[in-house]
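Here's the structure, in structure tokens; my notes come after.
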Amino acid sequence: MGFIGSGSIGSTLARLAIEAGHQVVLSNSRGPETLADMAAELGPRASAATSVEAAAAGDIVVVTVPVRAFPDVPAAPLAGKTVIDTCNYGLERDGHIPELDRDSLTSSELLLRYLPEAALVKAFNNIFFKHLLSLARTAGAADRSYLPIAGDSAPAKAAVTEFIESIGYGVVDAGSLADSWRQATDTPVWGTPYGPTSNEKGRPVGEDAIRAALAAATR
């Protein structure tokens with residue numbers, strides 16, 4: 001697993017991935033030396049690298065950066081790879097992006113413009129990072145939670161589903177990248193089903209509840 005961005009969601013996913021037996025290569029915009037402590041804490045399955053190196057190393061690569069940083073994501077090493085997009089558009093952080101403001105594109109479709117040869121899957125953008133860590137459950141657990149994914153490539157969706165299941169979650173297919181607005185910021189499936197951020201443990205959410213939340217989204 002390669003990580004372009006190692007903030008709250010990226011580092012949480014890296015921790016879960018390592019616990020599931022995956023190798024992870026972390027990167028951020030400030031350089032690998034700033035991730036040395038995190039890599040040491042995560043143990044021998046973690047290493048730090050440049051974003052280009054992390055992109056090249058991963059069989060699956062997680063892009064978890066501000067939307068305004070999409071032009072800086074290295075496209076060449078991601079060609080032909082499955083890429084997980086965890087990103088959410090926010091005016092205060094990203095500034096105005098006209099296509100997103102007028103809903104002519106989803107943020108994942110915008111990222112795909114910068115990574116045209118990648119197989120992009122939207123995932124993990126709808127859950128608080130502390131809930132992501134605490135709600136992971138083993139396969140078959142009665143209180144296993146579900147996460148929505150969206151994408152245009154069936155093989156990429158299958159790969160991401162396998163990864164998500166390996167780290168302790170079930171998956172609901174939410175459609176294409178054009179449909180990924182249904183899991184964007186402030187939609188019914190964004191955050192709310194898993195409980196308030198004040199409750200760091202969160203609450204388990206089953207498949208039916210996630211499907212109902214996606215169906216309730218309006219644009």
Side-chain angles (χ1 to χ4, degrees), residues 1-18 20 22 24-29 35 38 51 54-55 58-74 78 81-90 93-94 97 100 105-115 118-136 145-153 156-157 159-169 171-177 179-187 189-191 193-194 197 202 210 214:
M1 300 292 299
F3 287 82
I4 298 175
S6 299
S8 297
I9 285 289
S11 60
T12 300
L13 275 176
R15 188 177 303 277
L16 290 171
I18 286 168
H22 302 282
V24 306
V25 181
L26 305 166
S27 73
N28 63 16
S29 61
L35 293 168
M38 182 185 297
S51 60
D59 296 318
I60 297 175
V61 179
V62 179
V63 173
T64 179
V65 299
V67 171
R68 69 170 187 272
F70 282 178
D72 301 324
V73 177
L78 294 177
K81 292 199 174 187
T82 295
V83 174
I84 298 175
D85 165 25
T86 79
C87 310
N88 287 312
Y89 174 48
R93 182 187 60 189
D94 298 314
I97 299 174
L100 301 185
L105 283 179
T106 64
S107 60
S108 290
E109 288 175 306
L110 179 64
L111 179 57
L112 192 62
R113 286 186 173 180
Y114 294 100
L115 308 176
L120 204 62
V121 179
K122 190 76 166 187
F124 301 111
N125 71 301
N126 73 307
I127 188 169
F128 181 46
F129 73 97
K130 292 183 179 179
H131 294 167
L132 179 62
L133 184 64
S134 64
L135 290 174
S145 291
Y146 281 71
L147 295 166
I149 68 169
D152 299 334
S153 164
K157 279 183 170 179
V160 172
T161 295
E162 183 179 357
F163 170 67
I164 291 174
E165 290 176 343
S166 80
I167 66 169
Y169 287 86
V171 171
V172 171
D173 190 331
S176 67
L177 290 182
D179 298 319
S180 62
W181 63 268
R182 291 186 175 276
Q183 64 196 73
T185 306
D186 294 331
T187 58
V189 82
W190 185 78
Y194 308 98
T197 57
I210 295 300
L214 289 166

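FYI, side chains are in, hydrogens and waters are out, and symmetry mates aren't considered; it's all heavy atoms of this structure.
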If you define the side chain from C-beta out and look only at heavy atoms, does anything of [X] sit under 4.5 Å from [Y]?
{"X": "P74", "Y": "S51", "answer": "yes"}
{"X": "L105", "Y": "R113", "answer": "yes"}
{"X": "T12", "Y": "F124", "answer": "no"}
{"X": "L78", "Y": "Y114", "answer": "no"}
{"X": "L147", "Y": "I210", "answer": "no"}
{"X": "S107", "Y": "N88", "answer": "no"}
{"X": "S29", "Y": "D72", "answer": "no"}

For [X] against [Y], the heavy-atom pair lying closest together:
{"X": "V24", "Y": "A14", "answer": "CG1-O, 4.0 Å"}
{"X": "V83", "Y": "A118", "answer": "CG2-CB, 3.8 Å"}
{"X": "I84", "Y": "V160", "answer": "CG1-CG2, 3.7 Å"}

Using a 3.5 Å distance criterion without hydrogens, assess whether the side chain of [X] forms a donor-acceptor pair with backbone atoms of [Y].
{"X": "Y194", "Y": "S145", "result": "no"}
{"X": "N28", "Y": "S6", "result": "no"}
{"X": "T187", "Y": "R182", "result": "yes"}
{"X": "K157", "Y": "G175", "result": "yes"}
{"X": "N125", "Y": "Q183", "result": "yes"}

Rounded to the nearest 0.5 Å, how far apart are [atom1] of [X] and [atom2] of [Y]?
{"X": "L135", "Y": "I127", "atom1": "CG", "atom2": "CD1", "result": "5.5 Å"}
{"X": "I9", "Y": "C87", "atom1": "CD1", "atom2": "SG", "result": "10.5 Å"}
{"X": "L120", "Y": "L110", "atom1": "CG", "atom2": "CG", "result": "10.5 Å"}
{"X": "L214", "Y": "W181", "atom1": "CG", "atom2": "CH2", "result": "9.5 Å"}
{"X": "L133", "Y": "S8", "atom1": "CG", "atom2": "OG", "result": "11.5 Å"}
{"X": "I149", "Y": "T161", "atom1": "CD1", "atom2": "OG1", "result": "3.5 Å"}

Which side-chain N or O atoms in residues 59-68 pair as donor and acceptor under 3.5 Å with protein atoms at least two apart or in another chain?
{"residue": "T64", "atom": "OG1", "partner": "T86", "partner atom": "OG1", "Å": "2.9"}
{"residue": "R68", "atom": "NH1", "partner": "R93", "partner atom": "O", "Å": "2.6"}

### Query
For K122, which of D179, D152, D85, D173 qualifies under salt bridge (charged side-chain N to carboxylate O under 4.0 Å, His left out)?
D85

#### Entry: Partner residues of F128 under the ring pair (Phe, Tyr, Trp, His ring centres under 6.0 Å) criterion, sequence neighbours left out
H131

### Task
Identify, with sequence neighbours excluded, every residue that meets ring pair (Phe, Tyr, Trp, His ring centres under 6.0 Å) alongside Y169.
none

## Note on the structure
Exactly one candidate in L111, L115, L112 meets side chain to side chain contact (heavy atoms under 4.5 Å, CB included) with F70; the answer is L111

### Worked verdict on L13 versus I167 for side chain to side chain contact (heavy atoms under 4.5 Å, CB included)
CA-CA 8 Å; L13 275 176; I167 66 169; 3.8 Å; yes

### Task
Can you establish whether the number of heavy atoms outside E165 located under 6.0 Å from its atom CD is more than 12?
yes

